Structures are given as C-alpha cells and as structure tokens.
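Within every chain, numbering begins at 1; the chains are lettered A, B, ... in the order of the sequence lines, protein sequences first and strands thereafter. Since this is a predicted model, take the numbers as computed values, not measurements. All heavy atoms count here, side chains included; hydrogens, waters and symmetry mates do not.
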Amino acid sequence: MVKLTINEQEVEAGRDSTILEAAKSVGIIIPTLCHTKGLEAYGGCRMCLVQIERVPRLQTACTTKVNEGMVVFTETEEINKARRAVLEFLLINHPLDCPVCDKAGECLLQDHVARYGASEGRFAEGKRVHPENVNDPFIVRNMQRCILCARCTRMCGEAQGAYAISVTGRGAHSFVEPFSGDRYNCEYCGNCLTVCPVGAIMSRLHRHSYRPWYVEKEVETVCGFCGVGCTTFLQMRAATIIRTLPKLGTGVNKGLLCVRGRFGYDYVESEGRLKTPMIRVNGVLEPVSWEKALAYITTRLKDIAKRHSPKAIAAIASGMCSNEDNYMLQKLMRFVIGSNNIDSTARLSYAPAKTYIEKIFGTAATANNISDIEKSDGIFTAGGDPTAINPVLGIQIRSAWRRGAKVVVSGQPGGLGNFIDYDLNSVPLHEETVLNTIVIGLAEMKGYTGKNPYIEKKIKALRVPCEPELRATGVLLENMEEAIDDLSRLKNPVVVVGPALLQSGIPSKNLFLVAAIAYLIDARVYLLSKKPNYRGLIDMGCVPDSIPGGLPVRPGQIKLKKGVTLTVPSDKGMNLFEMIEGALDGSLKALYVMGENPVFNLPDREKTEKALKALELLVVQDIFMTETTRHAHVVIPASAWSEKDGTMTNLGGRIQFLRKGAAVSTGRSEWRVIADIAKALGMNETYSDSKEVWEEITQISVLHSASEYEEIKGVGLMWPYGSVQFQGGAEDFEVEGLEILPEVPGRKTSEGCVVPGNKLYLLPERSLFHSGSTTRKSKAILSVSPEPYLAINTVEAGRLGLCNDDTVWVKTARGAAVVTVKIVMDCPEGVVMLSNTFEKVNFNALVGYAVDPVLKCMVLTDNEAHIEKL
Amino acid sequence: MDTMRCAADTPAPLGAAKDGASESAMLKDKIKVLKKLYPHARSVLLPALYAAQQLYGWLSEDALEEVSRLTGVSPAEVKGVVTFYSLFKTRPLGRNVIYLCTNVACLIMGADTLEDFLHNTYSLSNGETTADGRFSLVIMECIGACDKAPAMLVNDDCHFNISMDNIREILDNYK
C-alpha cells in the first residue's frame with residue numbers, strides 16, 4: 001500500500017493503482033471522457049488532468065500511478081482552466097445539436113461542459129461536416145459528434161476482440177469507421193454503443209423514439225438467450241421495453257452483451273404473440289377463456305390417466321423457462337399425475353454430456369464460474385464455436401488468449417479464428433483420431449496420477465493411430481504434437497465442450513476423449529448451452545431419471561415442511577426420444593409441452609409430427625404459434641422472458657434472478673398455469689409468488705437446501721449454493737469403440753485427406769445471430785440475418801462451380817430445399833452447413849437422427865447431402 | 001510460434017484475385033518472409049502494405065483485405081493505418097507522384113511558388129493527376145527535410161533545396 005494526499009485528504013491505495021482509482025476510493029470524482037471500466041487506461045482526452053506537487057505540468061489521473069507521499073490536487077484554478085480548454089477544443093467540431101441528439105440527457109460531454117465548460121467558445125471558423133450514416137441496420141454513426149476518445153475502437157478490439165472499427169484518416173478528419181465505411185457487417189455485439197460517451201454511435205432501433213429521461217423503470221435481469229446468463233437492464237416506459245443495456249463491470253458478462261441479448265429482445269413485442277388460450281374444435285383452434293382451457297386440460301388429463309395410466313402422460317420442459325416453471329411442470333408430472341415421463345431438448349446433447357462428465361469427475365465437474373475463463377492460461381475447445389453458441393463465454397476465451405493463454409481448437413474455429421494457437425480442424429468423422437492422438441500424447445507427457453482408475457484404464461486401452469489414419473484427419477501431426485506439448489504445460493486450464501461433439505461419430509468416445517484431455521491436464525470443464533436454463537431444468541428434475549436436486553428417482557415418499565408428502569412414482573420414465581416412440585406405438589397418449597417446439601427442434605420432422613398427431617391430447621404452452629402448436633389440441637399463451645420473476649441457472653451453475661419488466665401479453669407465467677392445473681388434479685399447496693415456489697424447491701432439493709434467496713436476488717449464487725455436502729464422486733462409465741478409429745473410405749481433398757464419398761455432410765450451423773424460434777420473430781435480428789443460407793467451403797464451392805448467392809437444391813435422404821449459397825472460409829471440406837432457424841428452410845427438416853446407445857443423446861443420420869445448382 | 005493465425009494458409013475467397021493471381025502469390029510469399037522478421041502481426045503491417053503497394057501500384061479495398069488476411073490484422077485496422085499515412089495511395093495515381101512539402105520551413109523558402117509552378121506547367125493541383133498520367137501531386141505536411149527546404153519526394157527519391165531554377169530539370173527525369 002502507498003500513502004498519498006489527494007485534496008488534503010490522506011489516501012491509502014494499492015501500489016499499482018492510478019490517481020484516478022485512489023481518488024475514487026475516497027469519493028473524489030475526477031471527470032473523465034476516454035476512461036472506461038474494463039478497458040486499459042488511454043490518457044487521450046485530457047479531462048482528468050490533476051496537479052501533482054513538485055511535478056511541473058498537469059498529469060492525467062487515469063494513467064499516472066500513485067507514489068508514496070504524492071500530493072495531488074484535483075480541483076484548482078489551473079486544472080479548471082485546462083479542463084475548460086479541453087472542452088473548448090472538443091466543441092470546436094462537436095455540433096451543438098443536443099435538441100435532436102438521442103444522447104442528450106445522458107451525454108458525458110454535455111455534463112462536463114455544463115460543469116466545467118466555458119460559457120462560449122472563441123473559435124469563429126465553421127465546424128467540420130461529415131454526413132450521418134444511417135445505412136446500418138443497428139448502428140447510426142454521426143461522426144460530427146465524435147470526440148475521438150477511442151472508447152469504441154478499444155472496446156471493439158480490447159474487450160470484444162472483433163476489431164471491426166478503427167479510427168480512419170488523420171487530424172480533424174479522423175472518423176471512426178468499419179472497413180466498408182458504411183455498414184458494419186460485424187458481430188453486432190453493440191458494445192460500442194455502451195461506451196460512446198456522446199451521440200456519435202447510437203442505436204438505430206430506437207432512434208428518436210425516446211429521451212433518456214422517458215425511462216420510468218430500470219429492471220436488472222438476466223438475458224434470456226443463452227446459457228451464459230448475462231446481466232442486463234431493461235429500461236421500461238409503461239409496458240414496453242425502451243432498450244436493454246448492460247452495465248460495465250456488472251454480472252458474469254462484466255457489461256458485455258452479444259447481438260441477441262442487446263438487439264434481439266424485440267420478439268417479445270412481436271405481433272404474433274399469443275393472446276388467448278385456444279382449443280381445437282373440428283380441426284381449428286378456437287379462442288376460449290382461461291377457465292375453459294384449464295378445465296378442458298384437467299378433464300382430459302384425468303380421463304387419460306384413468307383410461308390408460310399416468311404412464312401414458314408425459315411432459316416436455318423448457319430451457320427458455322425459469323427454474324420455478326420447470327419445477328412446477330415436474331411436480332405436476334411426477335408428484336400430482338404420477339409419471340416420471342418428463343424431459344426436454346437438453347436431451348439432444350447438453351443433459352447427456354453433463355451426466356457423463358459428472359459420472360467421470362463427480363457432481364461439481366461442470367459447475368464453474370464463466371468469468372474465470374479469462375484468467376486461465378490455456379483453453380481447449382471442441383464441439384462448436386463458443387463465440388456463436390455462448391458469445392460472451394467466447395469473448396472470455398479471446399480475452400484469455402490476448403493475455404497469453406494458449407488456445408487449442410478442435411473443429412471449426414469460427415469466431416475464435418484470430419485467437420488460436422492450434423487450429424485442429426479435421427475433416428468430417430475424423431475428429432476422433434485427432435482427439436485420440438492428443439490424449440495418448442498427453443498421457444505420455446503427463447503420466448498417470450492414479451486419481452481416477454476408471455478413466456486411466458480406458459486411456460491405456462486407446463490405440464495409437466497409424467500414419468495413414470493420422471494423415472486422413474487433415475491435421476498435421478506436428479501441429480498436434482506442438483499442441484500436446486503446450487497443453488501439457490498448462491497450470492490453470494479450461495476445457496470447453498460444445499454440442500457438435502455428440503452429434504456425429506461415436507458420441508461416448510468423443511466425449512470420453514475430451515474428458516480424458518481434461519483429466520490429464522486437470523482442467524475445469526464448461527458445457528456450452530444454447531438455451532438459458534438447460535442446467536436449471538435438469539436441477540429441477542425435468543429428466544426422467546432424477547428428482548429435483550439431482551438425486552436418482554427412488555420410489556417412495558418425500559416429506560416437506562407443513563406436513564406435505566410427495567410420492568415419487570416407481571415407473572421408469574420416458575426420455576424425449578422414447579416419448580416420440582411411445583406416441584407412435586400408442587403407449588403415450590397425452591403430452592404437455594411447455595415453451596418448446598419439438599417439431600422444429602428435433603431432426604426427422606416427419607416422425608415427430610406423426611407422433612404428435614397420434615396423441616389424444618397435446619397441450620402446448622408458448623408465446624407464439626409454432627410448428628408444434630399446429631398439432632396441439634390446446635394452446636396456452638405463456639409469458640415471455642421479460643414478463644416474469646424467477647430464477648435461472650446458467651451453464652456454469654450460477655443461479656441468477658430473472659426479474660419482470662412489464663407484461664406485454666396477456667399470457668400468464670407458466671408455473672402459475674401449471675399450478676392451477678395441478679390444483680384441479682388434487683394438489684393441495686398454493687403459491688402466491690415465485691418465491692414460494694423456490695422455497696418448496698429448497699425443501700425437496702438437496703442441492704438447493706442451503707441456498708439463500710436474497711443472495712440469488714442480489715449478485716446470484718454459485719454452486720454449491722451454500723452447502724458442502726453435495727459432492728458426488730467419480731464412477732465407472734461406458735465407452736463405445738475404445739480401440740477402434742474411424743476408417744472412412746472416400747475421395748481425397750485438396751490437402752490429401754479423405755472425405756467420405758463424393759457427398760457432402762450437412763451439419764447444423766449454430767449462428768451467432770439466431771437462436772431458433774425466438775430470434776426469427778425479432779425484426780432487429782432479421783435485419784442483419786434475414787434468410788437461410790447454405791455455408792460451404794471455398795474448395796467445395798469451386799468443385800461444384802458455385803459462387804456466393806447462387807441458388808441450389810440441397811437434397812438428402814429426408815428431403816430437399818432450395819437455398820442460397822454463402823462461401824465461408826472456415827467450413828471444412830466435405831461439409832455444408834445450414835442453420836435451424838427459419839420456417840421454410842431449416843436443418844432439422846432435412847436430416848434424421850438415431851439415439852446413441854450409451855449416452856442416449858441424438859446422433860445425426862441421413863445427413864449426406866447432394867448439392868445441385870438451380 | 002507465431003501467435004496470430006496464419007491466414008496465409010487459407011485459400012482466398014473466389015473472385016478476390018482474378019487478374020492479379022500472380023501478384024497475389026508474390027504478395028503472399030513476400031509477407032511470409034516479412035512475418036519472420038517482426039515479432040507481432042501488427043508490426044508486419046506497414047512493410048506488408050508497402051509490399052502490396054509496390055506490387056499493385058496502389059492499395060485498393062481488395063488489396064487491403066488481402067493484406068488483412070495475410071497478416072491477421074483486421075480489415076478495419078488496416079484501413080485505419082492506410083488512411084493515416086499520406087504515402088499510401090488509396091486510389092490509382094499517375095506514374096510519378098510528387099510529394100511536395102508546404103509546411104512552415106518549406107513555405108518560407110518558397111514552396112508556394114513551386115506549387116504555382118506545378119499548377120501552371122502541368123495544371124496540377126493537390127490530389128490531381130495530369131491527363132497523360134505522368135504526374136500526380138500530393139501536398140505533404142513536413143517530410144522531415146526542413147534543413148534543406150524546400151523539399152519534395154518524387155516517388156521514392158528525395159529532392160532538396162528545390163527552386164524555380166532546378167525543378168523543371170528534376171521533373172524532366174521522370175517520364
């Protein structure tokens with residue numbers, strides 16, 4: 001610690017702190033313009049000038065470090081004169097168009113001029129003129145107002161890692177521009193909007209539609225788009241969201257957002273929102289009252305349970321809904337109706353991966369703080385681009401790389417492209433060989449610790465790939481060897497596992513290999529989750545084989561406070577895939593779908609639709625009409641993410657509070673509707689708000705029994721939620737094909753590796769801009785990514801004679817679609833990609849799936865595609 | 001180990017280099033060599049841009065994107081650097097470019113008369129090119145030769161102590 005004096009006040013500050021930080025710690029505010037939380041000190045604007053005794057000239061407080069015995073003054077006549085001059089210089093070119101500037105009222109320059117500025121400027125010449133650019137869908141650039149503080153370019157580079165904008169030109173003609181000079185064509189995280197202190201970079205979405213003082217209410221909540229759970233603030237006026245804002249330094253995201261979180265929220269105000277419950281009469285959904293709809297559901301459920309059995313009823317929970325919603329659905333199924341048939345689309349990859357990893361490493365294995373990633377010294381990722389699936393987590397990886405961490409990527413690098421040390425992008429179906437080689441290499445370098453005999457035994461059983469097998473991967477052996485060398489030296493490593501790892505090849509083998517890497521280098525494991533509450537719904541018991549809190553289903557009774565007894569049903573529950581099969585073979589008669597669109601989100605659409613058509617009762621609770629509601633007998637309007645209170649658990653296991661902004665729709669919280677149904681079916685408990693639901697969760701779930709609600713409401717609560725007792729140990733696990741390696745005959749690619757046949761594999765593109773059926777209703781998101789496209793590699797495009805924007809037929813064994821072509825650099829040879837977002841052309845309609853015997857996850861089938869130019 | 005991704009190994013997108021295929025290949029090789037001489041991707045940028053300018057004559061948007069891809073510096077940053085320096089040509093200029101300094105020292109020593117001379121003799125104004133494509137004029141802010149003012153650069157050659165007496169003679173060497 002260092003002692004210094006600021007404005008005749010004794011201050012103690014850390015040796016590394018700046019005068020600005022030291023002053024702030026005792027409440028002395030020094031005005032700044034270019035300085036921003038989270039970015040490195042810049043010293044560009046000269047607003048923070050202070051006087052230091054025995055130093056001849058004024059110094060910038062943001063860059064000057066404290067010293068023992070330093071005597072600093074922050075408000076003297078000399079300083080004020082300097083600040084006045086700085087502001088006068090800025091106003092030479094900054095237009096005084098505050099009345100028509102959206103920033104007025106929250107403009108830092110305006111505030112500083114009001115406080116420190118001269119009453120008039122002495123500069124008689126005209127101001128520079130530069131036309132405002134409104135051609136971008138999201139960002140309006142008014143460079144006349146720019147004061148060149150470089151906050152935006154530093155945010156874009158230093159923090160986001162996009163480097164999409166830069167100061168161009170020189171002197172008075174310097175302007176911040178993207179490469180095109182026009183549209184940004186960037187990741188559209190909008191973090192430049194957060195930091196612009198003036199009205200130079202403004203959001204186009206609500207241009208001239210509000211003034212900062214129109215904001216009536218600001219609500220701190222959690223973003224509802226992906227598993228990161230970024231803290232975001234909804235600024236409301238009446239019932240509408242004016243805008244969503246992050247706050248620098250707040251939440252797991254530390255004030256960063258991605259395109260979906262910042263701009264995509266407008267789907268909640270889309271015209272397609274469901275307003276009233278509907279019952280299908282003579283094939284048509286007719287609006288009915290809430291009472292009638294709920295009475296209909298309960299009568300039908302009672303009837304089906306009586307005529308068949310409770311086992312004939314199932315439910316699909318939702319990764320978009322809160323813990324309370326999911327808990328209540330689970331309660332209805334398990335404890336009221338008496339059926340273990342509950343699952344969700346987490347079954348496709350997240351849930352099996354989590355179960356498997358936890359079996360190998362113990363319960364805590366996937367509960368890790370997301371914001372710790374940037375502190376690690378090395379990251380291994382496999383199975384998908386983190387910067388697209390969980391963008392803010394991806395940014396953490398970029399940030400770690402910039403601090404010197406080694407980044408090794410197996411699979412397409414995507415948004416990590418410029419932040420990689422080893423790009424091990426193998427051709428389709430050969431990733432396994434690459435992972436296998438890394439595991440064997442690491443085992444040789446690191447040796448065995450004996451900590452986990454199960455995994456070590458399996459690692460020892462792996463076969464060393466021979467040379468042709470290695471060559472077939474398309475990844476150079478020396479590249480792998482260097483990566484192994486670097487991985488083996490990491491002290492604080494992270495392994496990131498994405499969904500693609502489980503979707504092809506042998507999922508258990510792939511996942512085991514990545515787990516083996518994590519084991520050998522002793523890494524923390526993060527599982528990417530496209531939906532915000534997959535982890536939460538699993539914790540809430542929305543899986544067929546465990547009750548809330550993760551304990552396995554054991555028939556018997558659970559006693560809660562107030563004399564409530566819940567009975568756990570004894571039957572083996574159906575998982576998502578079994579529900580589809582069950583509906584087809586007649587063993588399942590009724591399905592309750594909450595906030596999910598199985599027809600759209602499962603491959604083999606025909607099969608899912610056939611299954612749903614065979615049901616006696618399909619209840620769908622959603623905010624929109626979807627592909628699934630088309631088959632529903634009853635449709636209930638739900639409340640959107642911004643319209644309810646509750647808790648969400650992010651992919652790293654942090655429970656955070658979701659706060660209600662205001663209700664746009666007449667939809668009701670999912671849990672309330674379900675509780676009403678459960679009451680009509682015999683449940684005794686009543687709940688006045690979501691807190692009471694949470695209290696019941698803490699009574700039944702051993703995982704949450706010690707959690708403090710107030711803490712969740714505050715900064716969020718990290719695993720193990722106040723308790724220490726819940727530590728499962730490692731168990732033995734199953735791996736398929738341990739000793740075999742993929743052997744795929746086929747044609748050679750340009751680099752000499754082998755791609756199966758003359759066909760291409762159609763794989764899902766997990767886009768940064770879209771997350772399925774919500775973002776396709778967002779006008780904002782559609783303005784940058786309006787239509788589907790087929791991503792294809794340069795070489796493959798050349799082979800097929802395709803150029804950008806060509807229209808092609810994509811044909812698979814399951815179907816065909818017409819789509820335009822987009823040539824993408826990092827799509828590997830042998831692969832074409834299509835997202836599952838848009839109504840007409842989407843991935844899942846073109847492929848089939850099989851269920852992996854070990855993991856019980858989804859494996860893509862029938863995805864060999866023929867491309868024909870139209 | 002070079003920490004930036006070696007974009008040089010990724011193929012160029014279709015249509016990026018149609019006629020300039022050989023220049024493209026040369027630039028790729030040149031930058032590969034340059035990369036070994038500098039510690040970071042960013043430090044390679046200026047020499048890489050000069051190499052591209054030498055090959056293509058000027059720096060088109062395509063050229064900037066190519067340099068970006070080959071160095072790993074983002075296109076926006078490449079543009080930022082290029083637009084900062086007067087010696088980078090962001091549009092096609094004449095066969096010979098006259099960089100005439102008109103900053104204080106040169107001005108006092110008569111740079112304005114030289115500017116007038118260029119205007120009267122070749123109808124050249126700042127930023128313009130003669131109809132025959134022989135000369136372009138770029139007015140500079142200080143080229144660091146104040147002690148030998150007035151000074152100018154023609155292409156890569158420095159000319160000092162220029163006067164009305166010798167300017168014609170100097171320029172006659174550039175066809």
Side-chain angles (χ1 to χ4, degrees), chain A residues 150 153 156-157 161-171 173-181 184-186 401-402 404-407 409 413 416-423 425 476 479 482-483 485-486 750-751 792-795 797-798 801-804 806 821-826 829, chain B residues 1-18 21 24 35 39-42 44-46 49 59-88 90-91 103 126-127 138-143:
Chain A
T153 55
C156 188
Y163 298 97
I165 48 175
S166 179
V167 179
T168 60
R170 193 177 52 220
H173 301 288
S174 303
F175 303 108
V176 173
E177 275 186 4
F179 180 71
S180 74
Y184 276 67
N185 302 326
C186 64
W401 182 85
R402 243 177 287 114
K406 297 285 173 193
V407 176
V409 175
L416 287 177
N418 286 324
F419 306 85
I420 288 184
D421 297 281
Y422 303 103
D423 174 3
N425 194 358
L476 294 176
N479 216 350
E482 280 176 27
D485 200 40
D486 269 344
S750 60
E751 280 149 3
I792 188 166
N793 165 297
T794 323
V795 179
L802 299 175
C803 297
N804 269 325
D806 276 353
V821 168
K822 186 170 161 189
I823 296 169
V824 177
M825 296 287 267
D826 73 339
E829 283 180 56
Chain B
M1 177 68 206
D2 186 0
T3 46
M4 290 306 277
R5 179 178 181 210
C6 183
D9 298 334
T10 50
L14 291 185
K18 279 175 212 140
S24 254
K35 276 176 123 171
H40 308 293
R42 285 177 165 203
V44 189
L45 184 57
L46 283 179
L49 284 167
L59 295 168
S60 64
E61 289 222 333
D62 283 348
L64 299 188
E65 279 187 314
E66 209 177 327
V67 170
S68 156
R69 215 168 29 245
L70 295 171
T71 55
V73 179
S74 88
E77 287 190 299
V78 173
K79 189 179 179 182
V81 168
V82 166
T83 52
F84 182 84
Y85 294 104
S86 320
L87 291 178
F88 286 128
T90 51
R91 61 207 165 86
N103 218 316
N126 185 19
V138 176
I139 298 292
M140 301 286 285
E141 301 294 335
C142 192
I143 57 172

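Residue contact with chain B, scored on non-hydrogen atoms closer than 4.5 Å, is absent for A:Ser174. Contacts between B:Glu141 and chain A at a heavy-atom distance below 4.5 Å are absent for every atom of the residue.
The nearest pair of heavy atoms linking B:Ala76 to A:Glu177 is CB-O, 4.4 Å. Taking every heavy atom of both residues into account, A:Ser166 and B:Gly80 meet most closely at OG-CA, 3.6 Å. A pairwise comparison of heavy atoms in B:Lys79 and A:Pro178 identifies NZ-O, 4.0 Å as the closest pair. Across every non-hydrogen atom of B:Phe84 and A:Gly169, the tightest pair is CD1-O, 3.8 Å.
Rounding to the nearest 0.5 Å places OG1 of A:Thr168 at 12.5 Å from CD of B:Glu77.
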